[in-house]
Structure formats: C-alpha cells, structure tokens
S.K.: 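Following this message is one structure expressed as structure tokens.
Below, all heavy atoms of this structure are taken into account, side chains as well, without hydrogens, waters or symmetry copies. In what follows, every chain begins at residue 1, and chains take the letters A, B, ... in the order their sequences are listed.
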Protein chains: 2
Amino acid sequence: MNAELKTQTLPMKTAAAEKKIHKDYFHAAVSVDCVIFGYEDRKLKVLVMPSDLEEFKNLFSLLGDLVGPHEDLQSASQRILKERTGLDGVYMEQVQAFGDTDRHPSGRVFTVAYYSLLNIKHDGLQLSNPLLKWMPVYEIKQLAFDHKLILDTSLAKLRHMSMETPVLFHLLPEKFSLRELQELYEAIQGQELDRRNFRKKISNKGWLVDLKEMEKDVSHRPGKLYRLQFAETFPQKH
Amino acid sequence: MNAELKTQTLPMKTAAAEKKIHKDYFHAAVSVDCVIFGYEDRKLKVLVMPSDLEEFKNLFSLLGDLVGPHEDLQSASQRILKERTGLDGVYMEQVQAFGDTDRHPSGRVFTVAYYSLLNIKHDGLQLSNPLLKWMPVYEIKQLAFDHKLILDTSLAKLRHMSMETPVLFHLLPEKFSLRELQELYEAIQGQELDRRNFRKKISNKGWLVDLKEMEKDVSHRPGKLYRLQFAETFPQKH
DNA sequence: AGGGAATATGTACTTTTTACACATTGATTT
DNA sequence: AAATCAATGTGTAAAAAGTACATATTCCCT
C-alpha cells in the first residue's frame, strides 16, 4: 500500500482483546487542541501560547497535546485544560476532527478540537505559564499549524450554539447584570441589540434567576444581579 | 508515560519536514466511518454490512476503513463511499470524532464519522457487495462497535441540519413532487406536517424550481415536479 | 360516466420579532 | 443641597412568522 506503512500491533487494553489485528496498519499521532474562550473587557478572547516549532516561530498556537494510549478524547481535553488553567469541570464541547495530511510539519498528526468556555476572572484560574496569553479573537489574523482554521470553525460553532442554548453564561462570573449579558451577546454576534427586546427574549427563555441583589462599584445606577438557572429545571420548549 | 508507548518517528511528507520529532509518541490507528443515508419506501435507511469481527458476529456495522498515510479524512470518506457504492461527489459532512479507549476490541482506533446523503435510486449506484444492506434507521436497535452511538449522533445532526438548510434534497431523485418532499421531511422529523403550511414554508425558502412537468405513473391526479435551486442563487436570509 | 385519490389553494388566529421613548435611580460634581 | 451624569427599568404598536383548518379540482381507473 505505502512505503511509510508501519508494522506494529495495535495497543491492547484487555486480555480478551489479545485477538490482535495482525495486518500492517498505518498508525498516526492523535492530538487534542483546546480552543479556550474567555471574555474580558467586552471582548471574546482565546488562550494561546507561542509555538515551540521552528517553522512557526513568532506565531501563536492553540493549546494542545497528544492523546495518551489510555486516554479518551474528552479526558485529554480536560487534562490539557487542567494543566494550563488549573480548572476542572469547565464547559467543553467537541468541534470536529482535522486531519489534512500536511497540517503538521513534523508528520502525520490528526487532531480533534474542543472548545471550552470559562470565566477569566474565576478565582481558581491560574495559568501554568507566563507565556500563555488571552488574545482577543477578532485581532487574530494568523496562528501556527491550521489553528486559525480550527479557531474559525470553533467560533462559528460557538455563535451557532449561543443562539440556541444558554452556553455563553459560562463566560461570565456567577453573578452578572443584564447589561453584562447583553454586551456579551453583542460581542459574540457582532451586532448591537435593543435592550428591551433582549431582556424580553432572555426572560422568556427562563434561563435567569433574579438574585435580589444589586451591582456594586459602578458609577451609575446599579442593576439587578442574576445567575443562570440550573439546566435541569429549564422550562422546556417544543 | 506508558508501557505501551510506541517508539517510532512520525511519517514524513516533505524533505523540509525531515526535522523530525524524536520523542516517543503513542501512535494509533485512525479510521473513517461512513453513515450513508438513503431514502426509500418512505423510510430513512442507512447502509450497513455484517461485521467481520468475531466479537460482533451477527451484528451489522457501518462502512468504515482506516485512513491511509497520505489521505485526508474527507478523501478517505469519499474513497469508502466510492468503493462501496460506486458514487462520486456525494453530499457529505463530518459529524465528529469518536475515540473512547475501549471502542474497538482489537486495539486503539480513533474514528471520524461522516454522514452522506444519496438517492438509493441513483442510476450510478452499484453496491460493491451483496452483503451490503439498506436498513431502516428506526429499526436498528444495535450495531457493532460504538456504531449505534455514531448513527444516533449522525441522525441528530442530520435532523438539526434539515431544519436549517436544504440538505434532505440529496436523498431524493433530481425531480420530485411536493408530496415526496413532505413525506421525506415527515420521515426525518418523525411527525406529520400540514400540507398547506409545509408548501408555504418551503416556497418562502426559495429552494425550489418549478420544472413545469408533471408526475407520471401515479394512479391519481399527478403533482408538479420540482428540482432543488442551485445553492449559489439562494435568496439570502439574515 | 362515476368514483377514487391525491393535488392545489386562502384566511383567520396566535405567537414571535421588531422598532421605538421616557421616567427612575444612585453616584458624582458643583 | 441641588444639578448633572450615566445607566437602569419598563410597554405598546406594527410586522412577520407560524398554526389550524375545508373545499374545489384534476387525473386515473373501472
């Protein structure tokens, strides 16, 4: 089939699985790339780091790592996130796989992209490395590997999801005002929204819980604070 | 890191890429699984074949194959489809990657699922093997590997897409009546639709071209025939 | 010629979306 | 203490989209 075909057995997991496949298979590296979104100063940002490859010096890349032999894809993504940010249990969703033959300069590496949404101001957030950088998404023109494509694909998926389900809340602190929420939607959708219509729409979704508290430390009339209603108790639509 | 870690270099593609990564990497097999949907007798069907693994004897599986060293994911998916059905240029979309450690009994195999939509009555359709079977989706209770999960995930995505974009047309012959189209939507959405409202909605989308032809060989008043409007000339929404 | 079976079509009602303006609150300044 | 500033909180009318529903028409078949 091909000169570069590798001869080896697949890694086994259980004794029962010892009925190996003995044919020659091509084996490749599989990585996970994390598109870690955050929100700050009214801007959607993504966590990047300088690429460690000579080919991509001066370019940033997403945070990724190879998937271990006994590691599920989602576990790998959670591990990377934990290693880089110290955070557990972050909202995360698979975007898709990328596997063009030339996507990695050092050889054949398939990658599966996950996006995560987290609150940059989260108490537990502790970046593993000072080189990690929250970069505003709309200022990113280029990234290492095919990471710009991965970012754009993830962003498109996030935009789409944000119109259908309450995902954006993960980018905000636990307590937030309607103004903050609206500014976030405006940042994601790239257009201004009417305040009254926005409030009406969000209220009808039943996603919000009125905390009976007020904003503090704002130099104007403070707004009410809300939190996200737990998903289990959402009013169902359809 | 792990006892089963393999020591080998990644396959190289270009001379420039000869700056190899020398670390020990875990390499796994990567496959593509095709969820090939068709529509016949008012039922959504999927193309399956008997599993060739002892573990899954008596079970059917989706059509898949390992990705070659110099093959993109989408190319692999197109190749599998061509090999199995003889068809080229079929509508196809990536669903997502599946990579649980125990998903394949013979070892670690990541897979990327693609769904395709084709017309079972297509002139060029020529199944490669008499064991291939068009199985009604709603009658499938179990499949080999994690293929039931892959099927369910693909079906959910297809349902979702069918509400937003004109994908279902790929399941029909080039010329079709509004009744055929409505029956298809009903089969996918699993509910009956009102004929007048359906027609109004579809007309407003601007997806249809009136062919000024009539159905033939029906034992009742024949309906008008339509074809799908080319995507490039769709009226834009939003 | 009559009966059967499915096509083609419009209107009233409800729900959702959009556009739009003013009084209120609390902090800050004078 | 009063005036100013900046943002909050709220309702209504119009337009658009979605839903429910019935009758006359066409072609095939016998």
S.K.: What integer distance in Å separates B/E215:CD from C/dA6:P?
M.R.: 11 Å
S.K.: When you measure from the side chain of A/P222, which nucleotide among C/dG26, D/dC21, C/dT7 comes out closest?
M.R.: C/dG26
S.K.: Given the structure, check if the side chain of B/N204 and the base of D/dA17 hold any donor-acceptor pair shorter than 3.5 Å.
M.R.: no
S.K.: Distance check needed: C/dC13 P versus B/D194 CG, whole Å only.
M.R.: 17 Å
S.K.: Nearest to the side chain of B/R199, heavy atoms from C-beta on, is which of C/dT9, D/dT8, D/dC29?
M.R.: C/dT9
S.K.: Specify the separation, in whole Å, of atom CD of A/E192 and atom P of D/dA7.
M.R.: 13 Å
S.K.: What do you reckon, is CD of A/E83 surrounded by more than 12 foreign heavy atoms closer than 6.0 Å?
M.R.: yes
S.K.: Report yes if at least one side-chain N or O of B/R195 is closer than 4.0 Å to OP1 or OP2 of C/dA8; otherwise report no.
M.R.: no
S.K.: Taking CG from A/D210 and P from D/dT8, how many angstroms apart are they, rounded to a whole number?
M.R.: 15 Å
S.K.: Looking at B/K157 and B/Q94, would you say the former's side chain and the latter's main chain have a donor-acceptor pair under 3.5 Å?
M.R.: yes
S.K.: So, does A/D100 use its side chain to make a donor-acceptor pair with the main chain of A/D102 at under 3.5 Å?
M.R.: no
S.K.: Do B/Q182 side-chain atoms and B/L193 backbone N/O form a donor-acceptor pair below 3.5 Å?
M.R.: yes
S.K.: The side chain of A/R196 lies closest to which of these nucleotides: C/dT9, C/dG26, C/dA21?
M.R.: C/dA21
S.K.: Is it the case that the base of D/dT12 and the side chain of A/K200 share a donor-acceptor contact (distance under 3.5 Å, atom types as modelled)?
M.R.: yes
S.K.: Once you round it to whole Å, what is the distance between P of C/dA6 and CZ of B/F198?
M.R.: 17 Å
S.K.: What's the NZ-P distance between B/K212 and C/dA8, to the nearest Å?
M.R.: 12 Å
S.K.: Among C/dT28, C/dA8, D/dA7, which nucleotide sits nearest the side chain of A/R221?
M.R.: D/dA7
S.K.: Between B/Y226 and A/K201, which residue's closest nucleotide on DNA chain C lies nearer the 5′ terminus?
M.R.: B/Y226
S.K.: Can you tell me how far P of C/dA19 sits from CD of A/Q191, to the nearest Å?
M.R.: 10 Å
S.K.: Nearest whole Å is fine: how far is C/dT25 P from A/K216 NZ?
M.R.: 18 Å
S.K.: Under 4.0 angstrom, heavy atoms only, what part of the nucleic acid is B/R179 near: base, sugar-phosphate, or nothing?
M.R.: sugar-phosphate
S.K.: Go through D/dT19, D/dT25, C/dG26 for me and flag the one nearest to the B/N197 side chain.
M.R.: D/dT19
S.K.: Does atom CD of B/Q126 have more than 12 heavy-atom neighbours from other groups under 6.0 Å away?
M.R.: no
